[in-house]
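What follows is a short report on a single structure.
Lettering follows sequence order; numbering is per chain, from 1. As a basis for the values below, the full set of heavy atoms in this structure was taken, side chains included, without hydrogen atoms, waters or symmetry mates. Keep in mind that what you see is a predicted model, and the values were worked out from it rather than measured.
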Protein chains: 2
Amino acid sequence: MTSPSQRPRAIRSTAEFARYVGLSRSAVSRVLNDQPGLRASTIARVRQAMAETGFTPNAHAALLRGKPSSLIGVCLENLTTHSLVRKLSELQEFFAARGYTALVEVDRPGGSRQLVQQFLALRVQAIVFIGQFDPAVLTERIALLRRHGTPHVVVDHSSCRDAPTVTLDRGAAMEQVVSHLHGLGHRRFGLLGISGDFQTVTDRLEGLRAALARRGLEFAQCTRSLDAHHVRQSHFEFGRLLAADFARQSGRPSAFIAVNDETAAGAQLEFQRLGVRVPEEVSIVGFDNRDICQMVRPQLTSVDQQVERTARVAAEFILASIGRPLTRASLLHTIEPQLIVRGSSGPLIRR
Amino acid sequence: MTSPSQRPRAIRSTAEFARYVGLSRSAVSRVLNDQPGLRASTIARVRQAMAETGFTPNAHAALLRGKPSSLIGVCLENLTTHSLVRKLSELQEFFAARGYTALVEVDRPGGSRQLVQQFLALRVQAIVFIGQFDPAVLTERIALLRRHGTPHVVVDHSSCRDAPTVTLDRGAAMEQVVSHLHGLGHRRFGLLGISGDFQTVTDRLEGLRAALARRGLEFAQCTRSLDAHHVRQSHFEFGRLLAADFARQSGRPSAFIAVNDETAAGAQLEFQRLGVRVPEEVSIVGFDNRDICQMVRPQLTSVDQQVERTARVAAEFILASIGRPLTRASLLHTIEPQLIVRGSSGPLIRR
DNA sequence: CTGAAAGCGCTTACAG
DNA sequence: CTGAAAGCGCTTACAG
């Protein structure tokens, strides 16, 4: 007796396999595709032979004939940013549950421009972009997808007019933060790391400006940023350096709004080290609501991105788009963030 | 003039495309495949038409003829564990640099058993497993891959005899930890969260036992675990609860070895909250060397998994395996971890 | 159920 | 360079 693992080579075609089973190619094909009208014994024979030989039909032959590929291309800004990876993870789960497999590519700046071409060549049924991309490159790719009629959605990229988009309302996030801090009596705000030429930053600055204006405050008057004083290497260290600078200043802001949780955690630690109490003397708010928020004392107030909801909206949209004609209108799905209030923010105490 | 985005539909075959360009299918095909012996003007015409029409040749036709797919299947335990995602990220970067695209699937417990079958049907050129899997299922899949002659490597799964494996030497990690703490004078060790029916835990316990024995210490005598007292929901909270229990005990260990950084951070915070000084009264060592280690005070001593090296070894092995006949012998690549010493561990001070 | 045939879109070897 | 042809492995419609 020859054990299966000692077989010299795998069977490579339905023709060869049909000969092995002793049936016609048509019959085998019908069993493989769960078609009706076959004797139970025939089905059993084929299944048995599949297990014996490990025969795996070549998917490319069926795909060439026009069978849907069940592939979805995912183009990511990177695989290292926590919130991006979480979105990928949630999306992948949705796709897997519906029988789709994810093709993953990272759009590195120096990387191939033909990334979407590869996806199209493999006849993916949809493409998801997650993150911030060069607007010109993205627009070009979207145009290509439109021509091919391939459904697509852009997650987390706020300034794309040509494509359906699911994006966090960062303006609303800042409104929530300002509302919270303003309600606690704060009127002067330090910005920690909210600078630079990124859309996610621009959106937040605009949101801050609007939120302050709604309360009769002027952005230039009541916010201060010392970001230019330091080079940002690690977010945490950057937060520490900024806090050290602010702690030294007279008339420093009473509330600090950070670009992310790491920066907020760094600032909080440095303030505390210098004897500035949180939240009695300064309040701090982070962004992303990562687990670090619960690992520092006091725990960090932070904006939750609602990753799961974002992924669900994107997944449902894209799965519904498959097989339908592309609509001309670009749809914007806006995700409302949620401020999670914890111990790092508290009422203003007059000094 | 019709703008490209208003074209009614994309060209779907080289035949149609060749008609559009006014060349023969053979000529077009030769341009697309960068074959020599073509006039520069012909190449230019085809390239121009590609840009105009957005024509993307159907990859499945070439793949059906036997062209290598440039696909690599990656089967992950999950997409939420930080170290697993980092390995995926590093691998993806290696693959992309060599022109390979990653097909990603997560092997959820209730998920499809046909996961590897799908990869094989798409004729992936190699398969990488990352994480811990059900040994029986993994063995079955490896056997299938052997029969198909598909190169494969298993990362981070320590007990697989049938396949090439790249795995962290967790025994060596524990030797490094014990060596460090023993050198500081510690003789009684508390274990934080190092329990349960996982290979990564078993390996560490064996490593601890051996490391202690080498120093004339007996595991049962000089270690203590209170894991059974609590249900593990969040690692951080689990660490806190354990520290609270240990702090109350008389004759408590002077050094604590945690299953991961979150547990270590929780324990450190709780010890400090209860007035137990770190490292003066207790030393703490984490595992994974995550960024949290640098965000707490004192900073956490921790074991670095050498993720980048792991990924590089796995990637180089698998890329070298592609196109070669499978070797019968299973190769074990062992990765040596590196203990990063920080402020949370210090010399034993007699009380 | 079988068996012969067509066709998906490509690449390639060949004669001109 | 062109043009006609074969073949990759599958599915499917058809006659028996």
Side-chain angles (χ1 to χ4, degrees), chain A residues 9-47 49-50 53-71 117-125 148, chain B residues 9-47 49-50 53-71 117-125 148:
Chain A
R9 60 188 198 80
I11 288 177
R12 302 227 161 273
S13 71
T14 39
E16 203 180 329
F17 181 68
R19 243 174 283 133
Y20 175 91
V21 200
L23 287 167
S24 70
R25 287 199 292 158
S26 339
V28 165
S29 182
R30 255 166 277 169
V31 174
L32 294 181
N33 293 286
D34 296 317
Q35 290 181 14
L38 294 153
R39 271 198 293 258
S41 63
T42 307
I43 296 173
R45 261 168 77 194
V46 174
R47 296 243 181 278
M50 291 274 287
T53 59
F55 169 60
T56 311
N58 188 332
H60 299 298
L63 294 175
L64 181 56
R65 295 188 76 251
K67 187 194 162 191
S69 67
S70 293
L71 295 173
Q117 294 272 5
Q118 264 184 48
F119 285 162
L120 287 172
L122 288 166
R123 300 301 189 249
V124 297
Q125 296 194 252
H148 278 260
Chain B
R9 60 190 198 79
I11 289 178
R12 303 226 159 276
S13 71
T14 39
E16 203 179 331
F17 181 67
R19 244 174 281 136
Y20 175 90
V21 199
L23 287 168
S24 70
R25 287 197 294 158
S26 336
V28 166
S29 182
R30 256 167 275 169
V31 174
L32 295 181
N33 293 286
D34 296 315
Q35 290 181 12
L38 294 152
R39 274 199 289 260
S41 62
T42 306
I43 296 173
R45 262 168 75 194
V46 173
R47 297 242 182 279
M50 292 273 288
T53 60
F55 170 59
T56 311
N58 188 331
H60 300 298
L63 294 174
L64 181 57
R65 294 188 76 253
K67 188 194 163 191
S69 67
S70 294
L71 294 172
Q117 293 273 5
Q118 265 184 45
F119 285 162
L120 288 171
L122 288 166
R123 300 302 189 246
V124 297
Q125 296 194 254
H148 277 260

Exercise. Atom CD of Glu16(A) to atom C1' of dC10(D): distance rounded to whole Å?
Worked result: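 The distance from CD of Glu16(A) to C1' of dC10(D) comes to 14 Å, rounded to the nearest Å.
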
Problem set entry | For atom CG of Leu32(A) and atom C1' of dT12(D), their distance in whole Å | 14 Å

Exercise. Using purine N1 to pyrimidine N3 plus N6-O4 or O6-N4 for Watson-Crick, or N1-O2 and O6-N3 for G-U wobble, each under 3.5 Å, what pairs with dG3(C)?
Worked result: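 Check on dG3(C): paired to dC14(D), both distances under 3.5 Å.
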
Exercise. With a 4.0 Å cut-off on heavy atoms, is Leu23(A) in touch with a base, just the backbone sugar-phosphate, or nothing at all?
Worked result: sugar-phosphate

Exercise. For Leu63(B), which contact category applies under a 4.0 Å heavy-atom criterion: base, sugar-phosphate, or nothing?
Worked result: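 It contacts nothing in the nucleic acid.
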
Which protein N or O atoms sit under 3.5 Å from an N or O of nucleotides 5-9 of chain C?
from	atom 1	to	atom 2	distance (Å)
dG7(C)	N2	Arg65(A)	NE	2.8
dG9(C)	N2	Ala61(B)	O	3.1

With a 4.5 Å heavy-atom cut-off, do [X] and [Y] have their side chains touching?
X         : Y        : result
Leu63(B)  : Asn58(A) : no
Leu122(A) : His60(B) : yes
Val31(B)  : Arg47(B) : yes

Exercise. Counting just side-chain N and O atoms, does Ser29(B) come under 4.0 Å of either OP1 or OP2 of dT11(C)?
Worked result: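 So the side-chain polar atoms of Ser29(B) do come within 4.0 Å of the phosphate oxygens OP1 or OP2 of dT11(C), strictly under.
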
Exercise. Is Gln35(B) near enough to dT11(C) that one of its side-chain N or O atoms lies under 4.0 angstrom from OP1 or OP2?
Worked result: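 So the side chain of Gln35(B) is outside the cut-off, no N or O lying under 4.0 Å from OP1 or OP2 of dT11(C).
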
Problem set entry | N/O donor-acceptor pair under 3.5 Å between Arg123(A) side chain and Ser69(A) backbone | no

Problem set entry | Closest non-hydrogen atom pair, Phe55(B) against Ile11(B) | CD1-O, 3.4 Å

Exercise. Yes or no on side-chain contact (heavy atoms from CB on, under 4.5 Å) for Leu71(A) and Phe119(A), after CA distance, side-chain angles and deciding distance?
Worked result: CA-CA 9 Å; Leu71(A) 295 173; Phe119(A) 285 162; over 6 Å; no

